[in-house]
Undergrad: 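What follows is a single structure, and I will ask about it in a moment.
The analysis underlying the following values was restricted to heavy atoms, covering all of them including side chains, and did not include hydrogens, waters or symmetry mates. Keep in mind the model is a prediction, meaning the values are calculated, not measured.
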Amino acid sequence: QVQVVESGGGLVQAGGSLKLSCSASGVFFSSYHMGWFRQTPGKERELVAAISGRTGLTYYVDSVKGRFTFSRDNAKNTVYLRMNNLKPEDTAVYYCAAKVSGDIAAYDYDYWGQGTQVTVSS
């Protein structure tokens, strides 16, 4: 069982920045595909960004391209989502997730964190 824990959410003004962190347990962390999802009430959970294990290939949804950066530090079993130029529409609960194989942009992640709230005020 892989345990996933997010941190770093909070309240920020539009145009500001936040950095989310996510740690995952397991000796094979470097091979895990990791994803950041977000969800607002009444809406489907959306894959915002993903990063592959080993190669570091990244995926971003169009609405965050150029503003968000996904990185990983395998030595620390941690991934990061740097979010710049935040907009009110980025407000959501952000979830980190992990899976061991497959398409990083597919939604079939196996292990999920509890979520962290990001609120962007206008």
Undergrad: I'd like to check the side chain to side chain donor-acceptor pair (under 3.5 Å) partners of E89; sequence neighbours left out, ordered by chain and number.
TA: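 For E89 there are no side chain to side chain donor-acceptor pair (under 3.5 Å) partners, ignoring immediate neighbours.
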Undergrad: According to the side-chain hydrogen bond (donor to acceptor under 3.5 Å, both in side chains) rule, which pairs have a member within residues 49-60, sequence neighbours left out?
TA: S52-T55
Undergrad: How many angstroms lie between atom OG1 of T40 and atom CD of E46, to the nearest 0.5 angstrom?
TA: 8.5 Å
Undergrad: Under a 4.0 Å N-O cut-off, is there an ion pair linking D90 with K87?
TA: no
Undergrad: Answer yes or no: does atom CD of Q3 have more than 12 heavy-atom neighbours from other residues, nucleotides or ligands under 6.0 Å?
TA: no
Undergrad: What residues form a ring pair (Phe, Tyr, Trp, His ring centres under 6.0 Å) with Y109, not counting sequence neighbours?
TA: F37
Undergrad: Is there a path from V5 to L81 through hydrophobic residues (I, L, V, M, F, W, Y) whose side chains come within less than 4.5 Å of each other?
TA: no
Undergrad: Only pairs at least two apart or in different chains count here, so list each disulfide bond (SG atoms under 2.5 Å apart) that has a residue in residues 39-79.
TA: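 For residues 39-79, and leaving out neighbouring residues, there are no disulfide bond (SG atoms under 2.5 Å apart) pairs at all.
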Undergrad: Side-chain heavy atoms under 4.5 angstrom apart, residues restricted to Ile, Leu, Val, Met, Phe, Trp, Tyr: same cluster for I104 and F28?
TA: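 Looking at the clustering, F28 is in the same group as I104.
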Undergrad: Is V120 close to Q13 at the side-chain level, that is, under 4.5 Å between some pair of heavy atoms?
TA: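 Side chain of Q13 against side chain of V120, heavy atoms only: no contact under 4.5 Å found.
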Undergrad: Consider only side-chain heavy atoms of I, L, V, M, F, W and Y, link residues closer than 4.5 Å, and tell whether L57 and V79 are in one cluster.
TA: yes
Undergrad: Step by step, would you call L18 with L86 a side chain to side chain contact (heavy atoms under 4.5 Å, CB included)?
TA: CA-CA 8 Å; L18 279 176; L86 282 161; 4.1 Å; yes
Undergrad: Which residue pairs pass the side-chain hydrogen bond (donor to acceptor under 3.5 Å, both in side chains) test when at least one of the two sits in residues 14-28, sequence neighbours left out?
TA: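 Every pair satisfying side-chain hydrogen bond (donor to acceptor under 3.5 Å, both in side chains) with a residue in residues 14-28: S17-N84.
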Undergrad: Using a 3.5 Å distance criterion without hydrogens, assess whether the side chain of Q117 forms a donor-acceptor pair with backbone atoms of G9.
TA: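 Absent.
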Undergrad: Report the C-alpha distance between L20 and T116 in whole Å, list the side-chain angles of each, state the deciding distance to 0.1 Å, and finish with yes or no for side chain to side chain contact (heavy atoms under 4.5 Å, CB included).
TA: CA-CA 9 Å; L20 304 182; T116 185; 4.1 Å; yes
Undergrad: How would you list, by chain and number, every residue that makes a salt bridge (charged side-chain N to carboxylate O under 4.0 Å, His left out) with K43, sequence neighbours excluded?
TA: none
Undergrad: With sequence neighbours excluded, give me every side-chain hydrogen bond (donor to acceptor under 3.5 Å, both in side chains) pair touching residues 98-107.
TA: K99-D108
Undergrad: So does A24 get a backbone contact from the side chain of N77, meaning a donor-acceptor N/O pair under 3.5 Å?
TA: yes
Undergrad: So, using salt bridge (charged side-chain N to carboxylate O under 4.0 Å, His left out) as the criterion, who are the partners of R72 when residues are at least two apart?
TA: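 With neighbours one apart ignored, the set is empty.
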Undergrad: Taking N85's backbone N and O only, do any of them form a donor-acceptor pair with R67's side chain (distance below 3.5 Å, no angle check)?
TA: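 Yes.
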Undergrad: Not counting sequence neighbours, list each pair that qualifies as a ring-ring contact (aromatic ring centres under 6.0 Å, His included) and has a residue in residues 79-98.
TA: none
Undergrad: Hey, is the main chain of G115 close enough, under 3.5 Å, to the side chain of E6 for a donor-acceptor pair?
TA: yes
Undergrad: Please, which pairs that meet disulfide bond (SG atoms under 2.5 Å apart) have at least one residue in residues 2-37, sequence neighbours excluded?
TA: C22-C96
Undergrad: Pairs in or reaching into residues 41-95: which pass disulfide bond (SG atoms under 2.5 Å apart), with residues at least two apart or in two chains?
TA: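 Applying disulfide bond (SG atoms under 2.5 Å apart) to every pair that reaches into residues 41-95, excluding sequence neighbours, yields nothing.
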Undergrad: Should V100 and W112 be counted in the same cluster of Ile, Leu, Val, Met, Phe, Trp and Tyr side chains packed under 4.5 Å apart?
TA: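 Yes: a chain of side-chain contacts under 4.5 Å links V100 to W112.
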Undergrad: Residues two or more places apart in sequence or in another chain: which of them pass side chain to side chain donor-acceptor pair (under 3.5 Å) with S30?
TA: none
